[in-house]
Amino acid sequence: MSLKDIEVKLKTLGVKNDVASLEAFVSSLEDEKICSLVSCKICHSDAPQLLSYLYRGMPQNSATEVKRFKVTERVLRGLQSQELQNKQVNAIVSRLVLEVEKLTPAQLVQFCDYCIHCIQHEDGERTSWKDLLPKLLSVLVSNDSVNHAGIDMTGSEYKSEVIRTLLMVQWRPSIVTSLASMFIEVSLTSEQHLQVVNKLCSSFEQLAPPEIPPLVHQLLQLCKNKHGVALFLRLQAYFCTRLYNRLLSTASSSESTSLVANGDSIGLASETETQAAEATVLFHILQSARFGHASIRNFLKFMKNVANAPELVLDPFLLTVLLSVSNISIYQEQVFDVLKCTMQRAVQEEEKKVESAWLRDMMPSCCDVEFIFTKLMANSLRERSSVMEGLVNLAFILLGAKAAKGKESVAEKLRRFGMFVLVRLTRKHTETTGPVLQRLTDCIITGQDITQYTDCLHQMAMTIPLVFNEHRAIIIALLEMLTKLPGPVAENVVYAMLPIVRSFPSLRDVLIMVLRKALFARDVGLRKMAVSGFLQLLSNLDVKGMAVLSSSQSSQRSQGRPPAHSLLTQIDLEAGNSSTNNEAICLELLGVLRRCFMQQADVRLRLYEGKLSHHHV
């Protein structure tokens, strides 16, 4: 009977679901004939269906044990020797797994040995063993007696022996991702699990950046309940060496020679590839956090326990992980508490070293928080929206740090860190300016002790005035709120906005109109604020000295009357240069301030104090 006839009859009986006839037909066939048919059909799309008919024709009894073993062996060898699509391989292996429980312990051991041989000697393109070996071991564990290499042992002992053997052999980089996927399905003791995780992580050094994310994805599944910290620390070492040290070398030329030499030993993987790999790894970590894996909770608990070691917690990669995870509400408070506590510790250590020469000699140099943030922002954050969002949230938490009694300097330093991050971040990633500016505005309007927010606003206005102008609606809304803010707060806001108001006439006009309105408000505090605002604006206008004041006064005295029209309304019609326009604005403002001499004593005093201070300046 030809192989084609055997195939046709098998399919005919299988479609009819005539199990009795199918069993009789299969039992009548020679083992070699069946194996030849399997070898011929293994590459065809109907191979899984044909195998299903064959196995249905081999009931679980002693008469079919050898035939089932030979068919299964031939299928496995075909999978390892021929090029098949992954979908085809998965379908065939899924069918083989259903037959595993029908094999004898001796046959199971032989297939385990075959899988171990494939792991040791085959390439990474054919990995049918990764789905089969876990099932083989799970079935063997339930056996009380297993003979391997002439030694009798229990199924559990044999499984431990297999794990020990796998840990001893060399794992080629091409199969480590498949091995990680396989170990997810294998029940391991805590000790075995840690050994497997460490061995898999040690392969990072042999992998190119694009190969890291698939392995990390499997490792996160493998470590979702335990030993996740070991994975994060290995990732920290990998990306610190290949990415952040390179960024450090560009920022610190004094260390460039040693770092370049170190980079040569690593390889020539491009920085772009490494950044892309890190972004994908962060995505997988964030997904694990969203699924509530225990590995993330254990990692955060570990970071809390080492919060007194800033050099570890503030490592750029670990900091990136923390900032990314902070976007999940259940972890946000915990993450920011750890980071805030760590930065406080770093500041306190630096203060103690300043006061003690002995500490400076004995303690290693603590981490430079601002430099770490610089390295972090030097890395591309556009593909890491979660990190960027976490960084903004952290900056505002630092900016709002409250001063504990006796630790005012620590709180002030934390606020400086927050301001540093926001200014640098908005300068490098201008897309963050709008949200940051809106949050600063909200904090100024609703807060009480808001000096740090107006200082940050001032620094940003000086650094990126053109970008600020793109968000003029937010700025105008803040300027229009001046009359509703307490006097000192409003004065700080005016000072903060001077750099951008000075550059853009339309915003300057809005400020002038708001201040004129405040100058005639019922509240004396608002009038004093308006005087201060006008004086600050005058001191920042580009004019040829304040002699314009005397010339204006003498001219108006000789005429014996006030100006007949507003110079401010004529600015757009003047054809002179910016200095001439500013002189016109200055004359207009001086005319407004002259009315202050008819105001209450407190308002006049503010005017005198302001003129005196600006005169000395």
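Residues take their numbers from the sequence shown, with the count starting at 1.
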Minimum heavy-atom separation for [X] to [Y], with atom names?
X: Ala230; Y: Asn198; answer: CB-OD1, 4.0 Å
X: Met481; Y: Ile445; answer: CE-CG2, 3.9 Å
X: Val197; Y: Cys223; answer: CG2-SG, 3.5 Å
X: Leu414; Y: Leu398; answer: O-CB, 3.4 Å
X: Ile328; Y: Ala289; answer: CD1-CB, 3.3 Å
X: Leu485; Y: Ile444; answer: CD2-O, 4.2 Å

Return the [atom1] to [atom2] distance between [X] and [Y], rounded to the nearest 0.5 Å.
X: Gln452; Y: Leu399; atom1: CD; atom2: CG; result: 5.5 Å
X: Leu394; Y: Gln332; atom1: CG; atom2: CD; result: 10.5 Å
X: Thr433; Y: Gln438; atom1: OG1; atom2: CD; result: 13.0 Å
X: Ile285; Y: Ile296; atom1: CD1; atom2: CD1; result: 6.5 Å
X: Leu376; Y: Ile372; atom1: CG; atom2: CD1; result: 9.5 Å
X: Thr280; Y: Ile212; atom1: OG1; atom2: CD1; result: 11.5 Å

**Q.** Test ring pair (Phe, Tyr, Trp, His ring centres under 6.0 Å) applied to Phe396 - qualifying residues, sequence neighbours left out
**A.** none
Q: Quick one: list whatever passes ring pair (Phe, Tyr, Trp, His ring centres under 6.0 Å) with Phe317, sequence neighbours left out.
A: Phe239
With the side chain counted from C-beta on, respond yes when [X] and [Y] share a heavy-atom pair under 4.5 Å apart, and no when they do not.
X: Val501; Y: Ile475; result: no
X: Leu478; Y: Ile474; result: no
X: Arg439; Y: Asn393; result: yes
X: Phe204; Y: Thr241; result: no
X: Ser288; Y: Lys224; result: no
X: Arg424; Y: Lys428; result: no
X: Leu457; Y: Phe468; result: yes
X: Gln221; Y: His293; result: yes

Q. Does NZ belonging to Lys407 count more than 12 external heavy atoms closer than 6.0 Å?
A. no
Q) Do other residues, nucleotides or ligands put more than 12 heavy atoms under 6.0 Å from the CD atom of Gln287? A) yes
[X] side chain vs [Y] backbone, donor-acceptor pair below 3.5 Å:
X: Arg297; Y: Gly292; answer: yes
X: Asn469; Y: Pro465; answer: no
X: Arg415; Y: Ala401; answer: yes

Go through the side-chain N and O atoms of [X] and [Y] and say whether any donor and acceptor fall under 3.5 Å apart.
X: Tyr238; Y: Glu278; result: no
X: Asp455; Y: Gln459; result: no
X: Thr177; Y: Glu211; result: no

Please name the residue in the list [options] that meets the side chain to side chain contact (heavy atoms under 4.5 Å, CB included) test with [X].
X: Thr342; options: Leu322, Asn308, Leu314; value: Leu314
X: Gln195; options: Lys199, His193, Glu191; value: Glu191
X: Leu391; options: Thr432, Val421, Leu422; value: Val421

Q: Give the C-alpha distance, both sets of side-chain angles, the deciding distance and a yes or no for side-chain contact (heavy atoms from CB on, under 4.5 Å) between Asp337 and Cys341.
A: CA-CA 6 Å; Asp337 284 347; Cys341 177; over 6 Å; no
Q: Might you work through the side-chain contact (heavy atoms from CB on, under 4.5 Å) test for Ile450 and Thr454, ending with a clear yes or no?
A: CA-CA 7 Å; Ile450 53 85; Thr454 53; 3.7 Å; yes
Q) When you look at Glu351 and Ser409, which way does the side-chain contact (heavy atoms from CB on, under 4.5 Å) test go after all the steps? A) CA-CA 9 Å; Glu351 288 182 348; Ser409 61; 2.7 Å; yes
Q. So, are Lys402 and Glu408 salt-bridged, with charged N and O less than 4.0 Å apart?
A. no
Q: Salt-bridge test for Arg345 and Glu349: reply yes if a basic N is under 4.0 Å from a carboxylate O, no otherwise.
A: yes
Q | Parallel, tilted or perpendicular: rings of Tyr495 and His458 (30°, 60°) | A | parallel
Q: Just grab all the side-chain hydrogen bond (donor to acceptor under 3.5 Å, both in side chains) pairs involving residues 322-331, residues at least two apart or on different chains.
A: Ser324-Ser386
(Q) What verdict does the side-chain contact (heavy atoms from CB on, under 4.5 Å) test give for Glu370 and Arg416, after you've listed the backbone C-alpha separation in whole Å, the side-chain angles of each residue and the deciding distance to 0.1 Å? (A) CA-CA 9 Å; Glu370 290 186 355; Arg416 282 182 54 191; 4.2 Å; yes
